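Data first, discussion second: the structure below is written as structure tokens.
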Amino acid sequence: DEFFHVYLAGYTNPDPTYILYQSYASPQDLARFQFEFVIEGVGYIESNGYKYRVKKGDLFFINKGYERFYYTDKDNLLEKEWITVSGSLVETLLKEYNVTDPIIICHNYDDTYFKKELDYYKRNPELTQYDINKHSVILIHRLIQTLSAKHAQKKTIVEPDPAETIHSYIRQYIHRHFTLDDISKKM
């Protein structure tokens, strides 16, 4: 459904090898919106030359169209729940609520509603895609409202580390020819 579609929803167990890399080489991976809640631990997200840190109690949003590399802290393993969606409804809500940054983090989020919805999916495996979408529309709308309110108060971002910016550039253009001059211009 081009209007609203739940691509995936789930739970990530603590795993010291957890790494997720979604790149321009796989455009279908970048065509979806991620909403995630950190249950325990610490994780890092690298996108667009920036590095973000998420921790227990954080709700975070990863916008579509941006390459991302995220992983767990080896000493404080990441445990999270998430939902991946797409569609023109989500795009319209994000635009109306001015949620446009590549990544937005909301600290100390009360995940009661998020958890309740994901548990509902788990308890009812016979749900149709229509039923899942119907429940998820409300969840996504609430998450966008929360992110918009927090985003308006304060942006949460870690300044880019030059080495990570270079590393991100190399990962992004690894399949193309580039020179040291190209990297210098980017910096």
Side-chain angles (χ1 to χ4, degrees), residues 1-2 4-55 58-74 76-95 99-106 109 114 118 121 129 132-133 136 139-140 143-144 147 151 155-178 182-183 186:
D1 187 332
E2 291 181 23
F4 182 80
H5 179 75
V6 176
Y7 180 71
L8 286 171
Y11 173 82
T12 300
N13 288 310
D15 178 354
T17 63
Y18 177 74
I19 294 174
L20 183 61
Y21 178 55
Q22 295 173 322
S23 74
Y24 298 114
S26 301
Q28 70 278 6
D29 289 342
L30 303 181
R32 303 176 189 109
F33 303 97
Q34 292 285 131
F35 296 86
E36 306 198 13
F37 176 75
V38 180
I39 300 168
E40 288 290 335
V42 174
Y44 300 95
I45 309 160
E46 296 177 26
S47 180
N48 222 23
Y50 293 92
K51 182 177 182 179
Y52 305 81
R53 181 180 183 269
V54 293
K55 64 184 181 347
D58 288 350
L59 168 69
F60 65 96
F61 165 72
I62 303 176
N63 209 338
K64 78 172 193 172
Y66 294 94
E67 184 177 60
R68 74 279 309 237
F69 175 63
Y70 53 118
Y71 49 95
T72 189
D73 182 297
K74 303 286 187 228
N76 196 357
L77 299 179
L78 186 64
E79 180 180 358
K80 60 189 176 106
E81 49 198 4
W82 46 268
I83 186 166
T84 304
V85 296
S86 62
S88 60
L89 174 63
V90 183
E91 291 178 21
T92 301
L93 287 171
L94 290 167
K95 182 179 175 186
V99 176
T100 57
D101 285 0
I103 295 180
I104 297 175
I105 302 167
C106 173
Y109 173 71
F114 196 124
L118 292 181
Y121 303 150
Q129 187 68 47
I132 292 170
N133 285 353
S136 298
L139 169 63
I140 295 304
L143 293 174
I144 291 170
L147 290 164
H151 182 60
K155 288 187 179 183
T156 304
I157 194 165
V158 177
E159 286 303 313
D161 174 28
E164 289 176 13
T165 302
I166 291 169
H167 189 230
S168 177
Y169 182 88
I170 291 169
R171 277 197 320 266
Q172 181 177 348
Y173 296 104
I174 194 72
H175 300 292
R176 300 181 192 161
H177 177 74
F178 59 88
D182 296 329
I183 294 173
K186 175 71 175 166

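Computed from a predicted model, the values in this text were never measured in an experiment.
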Could you name each residue pair satisfying salt bridge (Lys or Arg N to Asp or Glu O under 4.0 Å) that touches residues 37-47, not counting sequence neighbours?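 Every salt bridge (Lys or Arg N to Asp or Glu O under 4.0 Å) pair that includes a residue of residues 37-47, provided the two are not neighbours, is E40-K56, E46-R171.
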Is there any salt bridge (Lys or Arg N to Asp or Glu O under 4.0 Å) pair reaching into residues 4-22, and which pairs are they, with sequence neighbours excluded?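 Qualifying pairs, neighbours excluded: none.
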Is the distance from the ring center of Y71 to that of F69 below 6.0 Å?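 Ring centres of F69 and Y71 closer than 6.0 Å.
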If every non-hydrogen atom of [X] is compared with every non-hydrogen atom of [Y], which pair is closest and at what distance?
{"X": "Y24", "Y": "G65", "value": "CE2-O, 3.7 Å"}
{"X": "I83", "Y": "S136", "value": "CD1-OG, 3.8 Å"}
{"X": "F33", "Y": "S86", "value": "CD1-CA, 4.2 Å"}
{"X": "S47", "Y": "I103", "value": "CB-CD1, 3.7 Å"}

With rounding to the nearest 0.5 Å, note down the distance linking [atom1] in [X] to [atom2] in [Y].
{"X": "D101", "Y": "Y50", "atom1": "CG", "atom2": "OH", "answer": "9.5 Å"}
{"X": "N63", "Y": "L30", "atom1": "CG", "atom2": "CG", "answer": "11.0 Å"}
{"X": "R53", "Y": "I45", "atom1": "CZ", "atom2": "CD1", "answer": "11.5 Å"}
{"X": "I105", "Y": "I62", "atom1": "CD1", "atom2": "CD1", "answer": "9.0 Å"}
{"X": "T84", "Y": "E36", "atom1": "OG1", "atom2": "CD", "answer": "6.5 Å"}
{"X": "N76", "Y": "K55", "atom1": "CG", "atom2": "NZ", "answer": "11.5 Å"}

Between the main-chain N or O of L78 and the side-chain N or O of D73, is there a donor-acceptor pair closer than 3.5 Å?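 Side chain of D73 to backbone of L78, a donor-acceptor pair under 3.5 Å: no, none is there.
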Evaluate the side-chain proximity of [Y] to [X]: yes if any heavy-atom separation is below 4.5 Å, no if none is.
{"X": "F35", "Y": "L147", "answer": "yes"}
{"X": "L143", "Y": "F37", "answer": "no"}
{"X": "E81", "Y": "I39", "answer": "yes"}
{"X": "R32", "Y": "H5", "answer": "no"}

Those residues that, when tested against [X], pass side chain to side chain contact (heavy atoms under 4.5 Å, CB included) (two or more places apart):
{"X": "L77", "answer": "P14, P16, T72"}
{"X": "S26", "answer": "Q28, D29"}
{"X": "L93", "answer": "L89, Y97, H141, I144"}

Given the rule in the side chain to side chain contact (heavy atoms under 4.5 Å, CB included) test, do W82 and L8 qualify, once you have shown the distances and angles that lead to the verdict? CA-CA 8 Å; W82 46 268; L8 286 171; 3.4 Å; yes
Inspect the surroundings of NZ in K95 and state if more than 12 heavy atoms from other residues, nucleotides or ligands are less than 6.0 Å away.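 Count not over threshold, so no.
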Is it the case that Q22 and Y66 place a side-chain donor and acceptor less than 3.5 Å from each other?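 No, no side-chain donor-acceptor pair sits under 3.5 Å.
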List in chain and number order the residues that pass salt bridge (Lys or Arg N to Asp or Glu O under 4.0 Å) with R68, two or more places apart in sequence or in another chain; answer none if no residue qualifies.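 Once residues adjacent in sequence are excluded, R68 has no partner under the salt bridge (Lys or Arg N to Asp or Glu O under 4.0 Å) criterion.
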